[in-house]
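The block underneath contains the structure these notes are about, expressed in structure tokens.
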Amino acid sequence: MTGTEQRTQEADIARRPGRWLALAVLVLAVLLVAVDATVLGLATPYLSEDLKPSGTQLLWIGDVYSFVIAGLLVSMGSLGDRIGRKKLLLTGATAFGAVSVLNAYATSPEMMIAARALLGVAGATLMPSTLALIRNLFHDPRERSFAIGIWGAMASAGAAVGPVVGGFLLEHFWWGSVFLINLPVMAVLVVVGLKYIPESKNPAPGPWDLPSVATSLVGMIAVVYAIKEAAAHGARADVFAAAAIGAGALVWFVRRQLRLPAPLLDMRLFQHRGFSGAVLADLLTILGLSGLIFFLSQFLQLVQGRSPLEAGLAELPAALGAVGAGLLAGIAARRFSVRSVVAGGLAAVGLALAALTVLDRTTGYPVLGVSLLVVGVGAGLAFTVTADVILSSVPKEQAGAASAVSETAYELGAALGIALLGSVVTGVYRDFPTPPGVPAGTAAAAHESLGGAVEAAKVLPERSAEALLTAAQHAFVEGLRIAAGFGAAVLLATAVAAWFLLRGQRLEEGVEHP
């Protein structure tokens with residue numbers, strides 16, 4: 001052992017007694033991002049009333065955050081490996097808090113879209129850093145599995161806390177307050193993190209290749225844009241141009257990574273079947289889930305008439321199921337097998353989504369609550385185990401890049417899910433017939449979004465208003481049912497793929513030495 005290796009090992013041993021406190025600080029960053037994502041869904045009706053976005057602008061407000069974060073995650077994960085993951089995490093947390101203020105005080109749909117994009121830039125620095133630091137904090141595989149379970153549980157807890165806290169804030173304050181709750185969390189993260197999170201990075205990382213950064217960003221955003229626009233408006237010249245630019249940029253990116261001595265992303269990681277299978281499972285699972293979840297809060301509030309707080313509480317079973325399943329996922333994967341836990345979890349989510357295809361305006365809460373609980377349990381099992389597989393498949397020096405790939409799959413799946421399934425819901429919704437007696441201008445506003453229909457109905461006579469709302473809600477629910485069916489098909493197909501791709505994959509058992 002060289003002197004440098006010995007000093008590294010001694011430093012690691014010295015800091016490990018505080019690893020659980022460091023973990024507690026890291027998951028605050030996860031909570032920060034998860035809360036921000038979930039409260040937006042509850043705030044959408046209020047945001048629509050205030051900023052009056054079109055249906056397309058509303059979708060962009062929902063998914064531009066994911067587009068930007070997906071385009072930058074690989075670059076930021078690699079940057080953390082180079083400059084230090086703690087440094088990147090704390091910088092990103094500070095920026096995330098500052099940009100949250102800009103989101104809270106947006107005065108137009110365009111400003112809101114720009115603010116969400118900037119939030120995506122800041123968010124891209126957080127998630128890869130947290131998982132990579134966990135990889136370097138915990139060298140015992142069983143401890144690391146449990147730590148990853150806590151990490152995933154806190155993401156789910158954010159999904160639980162976000163709607164409840166957001167609902168309370170929306171009933172007492174204006175919609176911008178849901179973004180300001182990021183500030184105290186950011187403050188705690190930075191102050192405590194400065195003292196307790198140990199720094200870690202690749203000891204021989206090589207330079208950060210700016211052409212690779214640019215091409216990965218251009219490629220990801222262009223491809224996602226092309227898919228989104230094609231789903232919403234069909235094949236057009238700009239869609240083909242964006243798809244060609246994106247595909248060309250990504251091909252160039254891959255070829256460049258294979259030539260560089262110190263690549264931004266080591267493409268050879270994908271030769272590991274377990275790594276590739278876990279990444280694909282994450283991407284397709286989120287694709288099947290996200291579009292539906294994005295519109296669920298609107299269903300609860302604008303169709304079933306629940307208050308924001310009631311809607312938040314109604315969504316709790318999914319988050320609570322994911323918390324419990326995430327903490328037990330590592331134990332289950334070792335007792336049974338990785339593929340049985342992942343495939344079983346995904347199949348459970350698919351069947352729960354299939355049950356939602358019978359949803360209507362008067363569906364009772366027990367059906368919805370049980371379905372959400374099953375979704376949470378299945379997703380908690382699958383995501384926790386796939387994150388463990390991804391981290392365990394790479395040397396710890398590449399933990400940031402590997403974590404970024406995992407998070408990129410998650411965010412790309414979210415962006416595509418909102419784009420594709422959201423476009424399905426929006427397309428079905430916009431085709432609803434206008435009741436007699438509704439003026440053309442009012443009808444046009446109502447066809448933009450369900451929130452627009454609720455606002456439009458306020459200026460109509462009672463009978464016309466009721467007819468317009470009934471038609472709009474029926475169309476919205478029909479779109480939601482179709483999206484649920486599509487999501488169920490994606491999840492069940494992903495479960496089958498995971499069963500074969502993760503064959504023979506096991507979580508590590510022995511203690512790993514630094």
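Given the structure is predicted, the values throughout are model-derived calculations rather than measurements. FYI, the numbering just counts along the sequence from 1.
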Query raised in the report: Got a sec, which pairs hit side chain to side chain donor-acceptor pair (under 3.5 Å) with one end in residues 338-347, sequence neighbours left out?
Result: Ser337-Ser340
Can you give the donor-acceptor pairs under 3.5 Å from side chains of residues 368-384 to other protein atoms, not counting sequence neighbours?
from	atom 1	to	atom 2	distance (Å)
Ser371	OG	Val367	O	2.9
Thr384	OG1	Gly380	O	2.8

Report summary line: Heavy atoms of Val425 and Gly479 approach each other most closely as CG2-O, 3.6 Å
Query raised in the report: Who pairs with Ser75 by side-chain hydrogen bond (donor to acceptor under 3.5 Å, both in side chains), at least two apart in sequence or on another chain?
Result: Ser216
**Report entry** Set of side-chain hydrogen bond (donor to acceptor under 3.5 Å, both in side chains) partners for Asn103, sequence neighbours left out
**Finding:** none
Requested in this report: Could you pull out all residues at least two apart from Phe486 that satisfy ring pair (Phe, Tyr, Trp, His ring centres under 6.0 Å)?
Outcome: none
Report summary line: Thr215 meets the side-chain hydrogen bond (donor to acceptor under 3.5 Å, both in side chains) criterion, sequence neighbours left out, with none
Report summary line: Here the gap from Asp360 atom CG to Thr363 atom OG1, rounded to the nearest 0.5 Å, amounts to 3.5 Å
**Report entry** Test item: Thr470 and Arg361 side chains (from C-beta on) under 4.5 Å apart, heavy atoms
**Finding:** yes
Query raised in the report: Stepwise, does the side-chain contact (heavy atoms from CB on, under 4.5 Å) test hold for Thr91 with Thr125?
Result: CA-CA 8 Å; Thr91 301; Thr125 67; over 6 Å; no
Query - Side-chain (Asp282) to main-chain (Val279) donor-acceptor, under 3.5 angstrom - result: no
Query raised in the report: Do Met220 and Phe253 have side chains that get closer than 4.5 Å, going by heavy atoms?
Result: no
Requested in this report: Report, as yes or no, whether the 6.0 Å neighbourhood of atom OH on Tyr365 holds more than 12 heavy atoms from other residues, nucleotides or ligands.
Outcome: yes
Query raised in the report: If you round to the nearest 0.5 Å, how far is CG of Asp388 from CD1 of Ile148?
Result: 4.0 Å
Requested in this report: Measure across Leu189 and Leu90 and return the closest heavy-atom pair with its distance rounded to 0.1 Å.
Outcome: O-CD2, 3.9 Å
Requested in this report: Just grab all the salt bridge (charged side-chain N to carboxylate O under 4.0 Å, His left out) pairs involving residues 467-480, residues at least two apart or on different chains.
Outcome: Glu478-Arg481
Query raised in the report: Rounded to the nearest 0.5 Å, how far apart are CG of Leu480 and CG of Leu356?
Result: 7.5 Å
Report task. Kindly give the heavy-atom pair with the smallest separation between Ala104 and Gly176, and that separation in Å. Result -> CB-O, 3.2 Å
Report task. List the steps and the verdict of side-chain contact (heavy atoms from CB on, under 4.5 Å) for Leu102 and Met111. Result -> CA-CA 9 Å; Leu102 185 62; Met111 183 178 176; 3.6 Å; yes
Requested in this report: Quick one: pull up CG in Leu469 and CG in Leu302 and give me the separation to the nearest 0.5 Å.
Outcome: 9.5 Å
Query raised in the report: Where the side chain of Ser100 meets the backbone of Phe96, is there a donor-acceptor pair that is under 3.5 Å apart?
Result: yes
Report task. Mind jotting down which residue pairs meet the ring pair (Phe, Tyr, Trp, His ring centres under 6.0 Å) criterion with at least one end in residues 454-485? Sequence neighbours excluded, please. Result -> Phe295-Phe476
**Report entry** Residue pair Leu180 / Pro184: nearest heavy atoms and the distance that separates them
**Finding:** O-CD, 3.6 Å
Query raised in the report: Looking at Ala124 and Leu72, what are the two nearest heavy atoms and their distance?
Result: CB-CB, 3.8 Å
**Report entry** Taking every non-hydrogen atom, the tightest pair across Pro436 and Ser464
**Finding:** O-OG, 4.4 Å
Query raised in the report: Of all residues at least two apart in sequence or in a different chain, which pass the side-chain hydrogen bond (donor to acceptor under 3.5 Å, both in side chains) check with Thr107?
Result: none
Report summary line: So ring pair (Phe, Tyr, Trp, His ring centres under 6.0 Å) across residues 99-122, not counting sequence neighbours, yields Tyr105-Trp174
Query - pair Val342-Val338: side-chain heavy atoms closer than 4.5 Å - result: yes
Query - Euclidean distance, Leu359 CG relative to Thr362 OG1, rounded to 0.5 Å - result: 9.0 Å
Report task. Please identify each residue that fulfils ring pair (Phe, Tyr, Trp, His ring centres under 6.0 Å) with Phe299, with sequence neighbours left out. Result -> none
Query - side-chain contact (heavy atoms from CB on, under 4.5 Å) between Arg116 and Phe179, worked out - result: CA-CA 11 Å; Arg116 291 287 292 169; Phe179 293 104; 3.8 Å; yes
Query - Spacing of Leu89 atom CG and Leu26 atom CG [to the nearest 0.5 Å] - result: 6.5 Å
Query raised in the report: Who are the salt bridge (Lys or Arg N to Asp or Glu O under 4.0 Å) partners of Asp238, not counting sequence neighbours?
Result: Arg236
Report task. Count the heavy atoms belonging to other residues, nucleotides or ligands that lie under 6.0 Å from CD of Glu466, then report whether that count exceeds 12. Result -> no
